[in-house]
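Positions are given from 1 along the sequence.
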Amino acid sequence: MLLAASVATAMLPVGAMAAPTFYGKLNLSVDKTSDYPDGALVFSQDDLSDAWFVSSNSSRLGVKGEEPLYNDSLSVIYQMEVGYDADGDSSATFSTRNSFLGLGTQVGKIFAGRYDSVVKLAEGKIDQFNDTVADMDTVFLGQRRNSNSLNWESMDLGGIVVRAQVAPGEDDVVVGVAPNSETKDGLTDTWGLSATYQQDALYAALAYESSYTDGTVGPAIAGGDLETLRASLGLNVSSSVAVGAIVERSKLDPYGAPEGDLMSYLLSGKFGVSERVALKAQAGMLDSSDLDLDVATLAVGADYKLGDFTTAYGLVSASDTDFDPAGTINDVDESGMAFSVGMIHKF
């Protein structure tokens with residue numbers, strides 16, 4: 001019977017053999033924050049967090065695959081990934097993450113959908129506290145996932161991969177300080193370009209994105225243009241030691257308000273004590289004299305592998321936030337803390 005089954009399988013069309021891959025990740029934690037930044041832009045006491053949380057840290061479900069086409073040089077590539085609200089505190093159980101449809105070609109992958117910006121992808125695996133309360137997005141603005149995007153990813157050229165992304169604004173109206181506003185109706189209202197190099201123990205990336213934000217930019221409630229340039233460097237010193245650094249420059253240009261430059265920095269390290277235990281540390285900083293804003297964080301933590309696909313973790317992160325604009329009374333000068341204990345399971 002095994003022989004008959006093998007023969008039957010071999011006679012199936014090639015396309016019928018390429019089954020999609022179903023995958024997922026659950027990341028739940030118990031967090032306590034005290035005057036800890038909710039994000040990189042802190043312009044009032046309301047932008048600091050002070051509470052207990054049960055958090056679903058980017059938990060997700062997805063299906064992805066690649067199928068050969070009649071043309072031997074082409075394949076169809078696809079992915080549908082949704083964020084899953086495992087703790088149930090959101091009005092939306094599911095949210096769209098990286099999802100796309102496209103073609104694999106001899107010059108790389110070409111696809112359309114919702115996808116991480118080239119700047120976000122340049123992060124690599126340097127953020128040791130990714131998808132936790134101490135995530136690097138506390139001090140970085142470039143952590144964007146763009147909707148309506150068209151993407152190209154080159155073949156691996158000796159460790160070098162080039163990426164390009166454009167996204168139309170689809171008639172978004174970006175409202176600045178009254179009466180200033182701008183309608184985004186072009187094909188390249190958002191565009192980005194990056195190059196990454198990964199070979200053996202070394203990872204390096206350089207990425208740029210020109211985009212816009214329709215949220216709060218600076219102390220004034222105003223949308224505007226946003227440019228971001230990021231450089232990343234990671235090094236696996238040995239099988240148990242990894243270090244990394246990221247530097248990012250962002251330029252905010254709110255409509256009808258003064259522009260501002262921001263610099264963000266990250267240093268991270270990981271030390272494997274054993275096959276199951278790893279210690280981690282990370283320092284981050286955002287500095288902007290134009291916005292009179294400084295945010296600094298320092299996090300330490302540990303991972304403990306419970307199984308091949310299951311990890312428990314704990315962390316503590318200290319923060320220092322200083323927002324002191326001249327001529328206002330909305331000053332923020334707080335030292336904060338965040339604690340987290342959680343577990344991750346992948347399937």
Side-chain angles (χ1 to χ4, degrees), residues 3-25 60-83 96-126 142 144-170 186-211 228 230-232 234 236 346-347:
L3 178 60
S6 299
V7 172
T9 301
M11 294 177 64
L12 287 172
V14 174
M17 297 175 63
T21 299
F22 176 74
Y23 64 94
K25 176 182 176 182
R60 67 202 68 167
L61 295 169
V63 60
K64 61 182 178 180
E66 182 171 4
E67 303 275 357
L69 298 175
Y70 293 148
N71 186 325
D72 292 340
S73 63
L74 297 177
S75 62
V76 60
I77 56 175
Y78 61 91
Q79 178 172 301
M80 292 188 296
E81 184 177 292
V82 295
T96 305
R97 289 177 55 86
N98 286 341
S99 300
F100 59 83
L101 177 65
L103 293 172
T105 75
Q106 293 180 336
V107 295
K109 299 176 181 178
I110 302 169
F111 54 94
R114 178 169 167 82
Y115 205 66
D116 287 345
S117 73
V118 295
V119 171
K120 186 176 189 299
L121 289 171
E123 161 193 342
K125 297 183 179 180
I126 296 173
R144 296 162 59 94
R145 180 173 293 124
N146 292 322
S147 299
N148 315 310
S149 68
L150 301 171
N151 303 267
W152 171 69
E153 180 181 303
S154 76
M155 306 289 285
D156 189 320
L157 307 170
I160 298 175
V161 175
V162 179
R163 294 179 174 88
Q165 182 185 70
V166 299
E170 299 192 345
L187 176 62
T188 59
D189 292 319
T190 294
W191 68 271
L193 185 66
S194 73
T196 60
Y197 175 79
Q198 187 162 11
Q199 198 76 279
D200 300 325
L202 179 65
Y203 172 82
L206 183 65
Y208 172 82
E209 181 181 68
S210 173
S211 188
T228 308
R230 174 180 292 182
S232 306
N236 292 326
K346 299 178 182 179
F347 55 91

[X] vs [Y] side-chain heavy atoms within contact, under 4.5 Å:
X	Y	answer
N98	Q79	yes
S232	E123	no
E209	N146	yes
L74	T105	yes

To the nearest 0.5 Å, what is the distance between [atom1] ([X]) and [atom2] ([Y])?
X	Y	atom1	atom2	result
L187	E170	CG	CD	10.5 Å
M80	K64	CE	NZ	13.5 Å
T96	R114	OG1	CZ	6.5 Å

Spell out, as yes or no, whether a donor-acceptor pair under 3.5 Å connects the side chain of [X] to the backbone of [Y].
X	Y	result
S99	E81	yes
R230	V119	yes
Q198	A205	no

Could you walk me through whether K346 and Y23 satisfy the side-chain contact (heavy atoms from CB on, under 4.5 Å) test, starting with their C-alpha distance in whole Å, then the side-chain angles of each, then the deciding distance to 0.1 Å, before giving a yes or no? CA-CA 8 Å; K346 299 178 182 179; Y23 64 94; over 6 Å; no

Closest non-hydrogen atom pair, [X] against [Y]:
X	Y	value
D189	P168	OD2-C, 3.9 Å
G234	I126	N-CD1, 4.0 Å
R144	S211	NH2-OG, 2.7 Å
K120	R145	NZ-NH2, 4.0 Å
K25	F347	N-CE2, 4.0 Å
A207	A122	CB-CB, 3.9 Å

Between N151 and R163: side-chain donor-acceptor atoms closer than 3.5 Å: no

Does a side chain donor of either S73 or Q106 reach within less than 3.5 Å of an acceptor in the other side chain? no

For L193 and W152, what are the C-alpha separation, side-chain angles and deciding distance, and is it a side-chain contact (heavy atoms from CB on, under 4.5 Å)? CA-CA 10 Å; L193 185 66; W152 171 69; 5.7 Å; no

Of L101, L150, L103, I77, the residue whose pairing with F111 passes side chain to side chain contact (heavy atoms under 4.5 Å, CB included): I77

Can you tell which of V161, V118, L121 makes a side chain to side chain contact (heavy atoms under 4.5 Å, CB included) with S194?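 Of all the options given, the one that passes is V118.
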
Can you tell me how the ring of Y115 sits relative to the ring of F100, calling it parallel under 30°, perpendicular over 60° and tilted otherwise?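 Answer is perpendicular, since the angle exceeds 60°.
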
